[in-house]
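What follows is a single structure, written as structure tokens, with notes after it.
Each chain gets a letter, A, B and so on, in the order the sequences are listed, and its residues count up from 1. Given the structure is predicted, the values throughout are model-derived calculations rather than measurements.
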Amino acid sequence: MRTYLHDVAGETVTIHVPQNADDLAQFTQWAREASRRGPIALDTETSGLDIFADHYRLRTVQFGDRSDAWVIHWERGGLFQSVARLALENIRRFLIHNAPFDWLVLDRHAGVSVESLAPRTTDTRIKATLLDPRQPQEGGLGTALKPLCGYYVDPSAPDTQGDLTSVFRGLGFTKATGFARIDLEHPTYNLYAGLDVIYTARLDPILTNQLAHVGVRDALAEYEHELARICTIMQRRGLVLDEEFTRELDATLAEEASNYAEKAARYGVESVNSTRQIAEALTGMGELLTERTGAGAVKVDKAVLLALADRDLQWQRLGARTPNPLAEAVLHAKRSGKWRTTYAQTFLETVDADGRVHPFINTLAARTGRMSVTRPAVQTLPSSDQMIRRCLLADPGHVMVSTDFQAVEMRVLAALAGVKRMIEGFLAGEDIHAFTARLVKGDGATPKDRKIFKGAGFGKVYGGGISTISRQTGAPEDEIARAVAAYDRLYPEIKRASSRWQREARGSGMVYISATGRRLPLDRDRSYAVVNYACQSAARDLLGQAMLNAEEAGILDAMRLPIHDEILASVPKGEAQEYAREFERCMTMDLYGVPITAEAEIGGRSWGSLYGADF
DNA sequence: GTAATCACG
DNA sequence: ACGTACGTGATTACT
């Protein structure tokens, strides 16, 4: 047995690294007794983050409590694996920091399923996020193990990830290659692998006390654990990639980007992504660039370039001026380049041997609790054109079904703020923006009026001002000003709720408590954002509830992605109607007397089929 | 590492 | 006192 001693919060802890059968027998004995005393912290070290890649390796599995850690070298095979697997199967409760990652690793590489592990897991990252969801950039601690332990467990806790990166460099590895190549017996590697479970074991009871202290209900944490499990199962399934189509698209976009970059080069722009070069060249052509960025640089974003190219925000010809050929070339080159590198190439880089991509779903990403999806970021694929979504397919014999909540944030606003006339509109089954336009303008209200009041409504939810709403909608400021004034007269409860929520937050450490008991810290200088936080957060929890409903209804296997107000699913072609109705049922609910409704759309084999012509 | 930009709800 | 568009992820240029 190799052992390492370390000081954690003034106490000496021991990291055990079994080397032979006797050592492993000691581990089994310890695990049996420790599991009787309480939960066991669990972690893994692997070759990297690409769990679904061919060459991926599980290297060690670590178990620990507050004073002892055991680093089991899974990679050595044989008895090491059988002993670790036995522990994974028999330990009653686990503590894991960021459990979805380890669940997937152990599911795929240790033969212990997500379904078996998840019900026995407490995720300390979920608890920490419920305590304070802010990321470090927003003034929070963040939810990485290191800063949490530095704050709650031991101020002298080492930066195990960061220090390991230095070790990797010293050995001639990079951060990316080090985890795969470092010697399994390296002392620092084993010490830190062990320390992480000891810190997790010590962090959990502290977080539990803190959550109880600020009054977060256990039920909220349990709900988040269920969602984490469901989303991990979705990630394990992944989506089929049309590899042939994607490769062709990659080539087409590459050629398009290169052609337009060549055109831009004729005007002296060497790199179409350099705003400085573009601004200089355009100025040299006699264009007047008046807009500035926050930091004071000349602004040459898409909106500026579209105007110079005589196009509206949908790229339609305006006929207002002679199109500037450089602006035109840069717009096209940048779009092709971005769509290629951010989407097509990431699909090809992340696809597994079975032709599927497995995007990471972070169930608690935003301050409001909203989920995010990364690698690839499939929540943000272009929707103006179907070509990128066309790369992703339903399973063989399946079609895509997308079910959306209808105007969910407006319904949530009506429910939470008790907006009387808005609730009447929803109860009457009205399109809320057309309803508002009619209340103000009478039966003669036009689709253009609807658009104006839709803008005013979003302005209310987001906290926007007249000039911003005007810019976003393209409508003149005086018209927007009148619409916003009418909005306030019609729905006075919104302003009152905003003031009330801001006052309540000021009285409790600048934290607004959401409808589901979520703690949402407000920034002192923009407390108006509370209206958005309240709506966005409650809408997220309605989607979460819909996902739990879907599992209950037996259609978890069909779910593929959560997209804020939408559930994307792959369903057997012959039963698409039945599945569509079932998803609508799962997403239909009542929020304080306001109906929350959903509408399913049945597509073809590709996701792109829901965005234009059918495939 | 920061700023700018652009993709989504 | 007044008014403020909200929330993400990813890439590229540049210091």
Classify [X] by what it touches in the nucleic acid, base, sugar-phosphate, or nothing, heavy-atom distance under 4.0 Å.
X: A:E138; answer: sugar-phosphate
X: A:I469; answer: nothing
X: A:K338; answer: base
X: A:Q379; answer: sugar-phosphate
X: A:E409; answer: nothing
X: A:T293; answer: sugar-phosphate
X: A:F458; answer: base
X: A:V300; answer: sugar-phosphate
X: A:R389; answer: sugar-phosphate

Integer angstrom distance from the P of B:dG9 to that of C:dA5: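 The same atom, P, in both gives a distance of 22 Å.
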Indicate whether OP1 or OP2 belonging to [N] is found under 4.0 Å from a side-chain N or O atom of [X].
X: A:T380; N: C:dG9; result: no
X: A:R526; N: C:dG7; result: yes
X: A:Y528; N: C:dC6; result: yes
X: A:S274; N: C:dC14; result: yes
X: A:Y462; N: C:dG7; result: no
X: A:T342; N: B:dA7; result: no
X: A:S383; N: B:dC8; result: yes
X: A:R276; N: C:dA13; result: no
X: A:K299; N: B:dT5; result: no

Tell me, please, whether [Y] has [X] positioned over its six-membered ring: NZ or CZ under 6.0 Å from the ring centre and within 45 degrees of its axis?
X: A:R335; Y: A:W315; value: yes
X: A:R356; Y: A:F52; value: no
X: A:R503; Y: A:W501; value: no

Test item: A:Y533 side-chain N/O and A:P521 main-chain N/O as donor-acceptor pair under 3.5 Å: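 The answer is no, because no donor-acceptor pair under 3.5 Å joins these two groups.
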Are the side chain of A:D123 and the backbone of A:A99 linked by a donor-acceptor contact shorter than 3.5 Å?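 Answer holds: yes.
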Among [options], which nucleotide has an atom closest to any side-chain atom of [X]?
X: A:P382; options: B:dG9, C:dA13, B:dC8; result: B:dC8
X: A:S271; options: C:dC6, C:dT12, C:dT8; result: C:dT12
X: A:R335; options: B:dA7, C:dT8, C:dA10; result: B:dA7
X: A:T275; options: B:dA4, C:dT8, C:dT12; result: B:dA4
X: A:R370; options: C:dC14, B:dG9, B:dA4; result: B:dG9
X: A:K302; options: B:dG9, B:dA7, B:dA3; result: B:dA7
X: A:A366; options: C:dT12, B:dC6, C:dG7; result: C:dG7

Nearest whole angstrom, please: distance from the [atom2] of [N] to the [atom1] of [X].
X: A:E291; N: B:dA3; atom1: CD; atom2: C1'; result: 17 Å
X: A:L313; N: B:dC8; atom1: CG; atom2: C1'; result: 16 Å
X: A:I466; N: C:dC2; atom1: CD1; atom2: P; result: 15 Å
X: A:E270; N: C:dC14; atom1: CD; atom2: P; result: 11 Å
X: A:L331; N: B:dC6; atom1: CG; atom2: C1'; result: 12 Å
X: A:H332; N: B:dT5; atom1: NE2; atom2: P; result: 19 Å
X: A:I361; N: C:dT8; atom1: CD1; atom2: P; result: 18 Å
X: A:R340; N: C:dT11; atom1: CZ; atom2: P; result: 13 Å

Do you know the tightest heavy-atom contact between A:S384 and A:W339? OG-CH2, 4.1 Å
With the side chain counted from C-beta on, respond yes when A:N362 and A:M371 share a heavy-atom pair under 4.5 Å apart, and no when they do not. no
Is A:L289 close to A:V300 at the side-chain level, that is, under 4.5 Å between some pair of heavy atoms?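 Sidechains of A:L289 and A:V300: in contact.
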Which one is paired to B:dC8, where only Watson-Crick or G-U wobble pairs with both distances under 3.5 angstrom count?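 Answer to the pairing question: C:dG7, which forms a Watson-Crick or G-U pair with B:dC8.
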In Watson-Crick or G-U wobble terms, with both distances under 3.5 Å, the base opposite C:dC14 is B:dG1
Given that A:S527 and A:V373 both sit by DNA chain C, which one's nearest nucleotide is further toward the 5' end?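 Taking each residue's closest nucleotide, the earlier one in sequence belongs to A:S527.
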C:dG9 base / A:R375 side chain donor-acceptor hit below 3.5 Å: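 Answer is no: no donor-acceptor pair is held.
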